[in-house]
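A short worksheet on the structure shown next.
Each ligand, and each atom within it, is numbered from 1 in the order the structure gives.
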Amino acid sequence: MNRPVQYTVADCMLIDLPRHTRPNGNLTVVENTVEAPFEIKRVYYLYDVPAGAERGGHAHKVLQQFIIAVSGSFDVTIDDGSERRTVTLNRPFKGLHIRPGIWRELSNFSQGAVCLVLASEHYDEADYIRNYGEFVEIYKEGVL
Ligand code: TYD
């Protein structure tokens with residue numbers, strides 16, 4: 001499939017989410033297509049990640065993600081085949097928008113960290129690129 005836009009690391013924005021702070025606790029909201037920069041079709045979360053474990057290690061052809069550290073912290077390394085950037089997520093009111101065609105690796109999970117992922121598509125293994133060398137080749141050719 002030809003992708004009309006080839007996204008880069010610079011297109012993956014950290015988005016501030018609204019905070020309703022109260023003496024009895026705080027609340028953050030994410031609405032479809034409002035704070036979340038796409039239509040949400042799926043929600044999943046990573047938890048009980050052992051110390052030193054890594055997640056991700058793949059790119060998606062079409063799927064977009066919005067990732068929030070709702071508890072604890074972890075690092076997200078994003079890579080477009082030529083530039084690589086690591087973003088630490090450690091606040092429940094910040095979300096990282098990962099565009100299609102971006103390699104991601106998640107690491108340095110703190111104890112008790114919960115990684116909430118809002119996704120633009122249903123689960124489809126065919127949308128994954130799980131080999132980094134293949135990702136770089138595909139990216140260079142501009143075809144995902
Ligand atoms: P994967 O996306 O590789 O996890 P991560 O990127 O967090 O390391 O998925 C891990 C496993 O879970 C894989 O066998 C597929 C399965 N899975 C589903 O069945 N449905 C889903 O929505 C997701 C995200 C994963």
Side-chain angles (χ1 to χ4, degrees), residues 1-20 25-144:
M1 184 205 299
N2 284 316
R3 203 159 30 87
V5 180
Q6 198 157 70
Y7 291 106
T8 68
V9 159
D11 298 315
C12 298
M13 308 298 284
L14 202 52
I15 295 172
D16 277 313
L17 299 169
R19 272 185 284 173
H20 301 273
N26 302 333
L27 182 154
T28 283
V29 60
V30 184
E31 285 186 296
N32 218 16
T33 71
V34 182
E35 291 83 13
F38 49 77
E39 290 263 0
I40 300 163
K41 287 203 183 142
R42 182 164 51 112
V43 176
Y44 65 93
Y45 35 96
L46 299 170
Y47 54 96
D48 289 347
V49 179
E54 298 198 351
R55 304 289 314 205
H58 57 76
H60 285 281
K61 298 173 187 173
V62 171
L63 175 127
Q64 306 181 57
Q65 289 179 332
F66 192 57
I67 300 184
I68 303 164
V70 291
S71 185
S73 66
F74 50 85
D75 292 340
V76 185
T77 298
I78 48 178
D79 182 325
D80 59 23
S82 52
E83 192 192 339
R84 187 166 257 253
R85 178 161 62 104
T86 297
V87 179
T88 298
L89 293 181
N90 56 9
R91 294 281 185 270
F93 50 85
K94 299 256 181 199
L96 180 65
H97 180 200
I98 304 190
R99 304 279 195 164
I102 301 288
W103 186 266
R104 90 288 317 275
E105 293 164 5
L106 284 75
S107 61
N108 287 332
F109 284 82
S110 67
Q111 194 180 4
V114 179
C115 169
L116 176 67
V117 182
L118 311 179
S120 66
E121 307 297 332
H122 294 291
Y123 175 72
D124 177 10
E125 186 58 36
D127 190 60
Y128 282 72
I129 304 163
R130 292 192 181 271
N131 180 291
Y132 185 75
E134 189 189 327
F135 164 72
V136 172
E137 279 308 305
I138 290 170
Y139 205 95
K140 270 197 306 208
E141 287 163 18
V143 182
L144 271 184

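- With sequence neighbours excluded, the residues forming a ring pair (Phe, Tyr, Trp, His ring centres under 6.0 Å) with Phe38 are His97, listed by chain and number.
- Evaluation of the ring pair (Phe, Tyr, Trp, His ring centres under 6.0 Å) rule for Tyr47 yields Tyr45 as partners, not counting sequence neighbours.
- Within 4.0 Å of ligand 1, counting heavy atoms only, the contacting residues are Arg42, Tyr44, Leu46, Arg55, Gly56, His58, Tyr123, Tyr128, Arg130.
- In this structure, the side chains of Lys61 and Glu121 stay at 4.5 Å or more apart for every pair of heavy atoms.
- Ring planes of Tyr132 and Phe135: tilted class, angle from 30 to 60°.
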Identify all side-chain donor-acceptor contacts of residues 12-20 below 3.5 Å with residues at least two apart in sequence or on another chain.
residue	atom	partner	partner atom	Å
Asp16	OD1	Lys94	NZ	2.6

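- Between Arg130 and Glu125 a salt bridge is recorded (basic side-chain N to carboxylate O distance below 4.0 Å).
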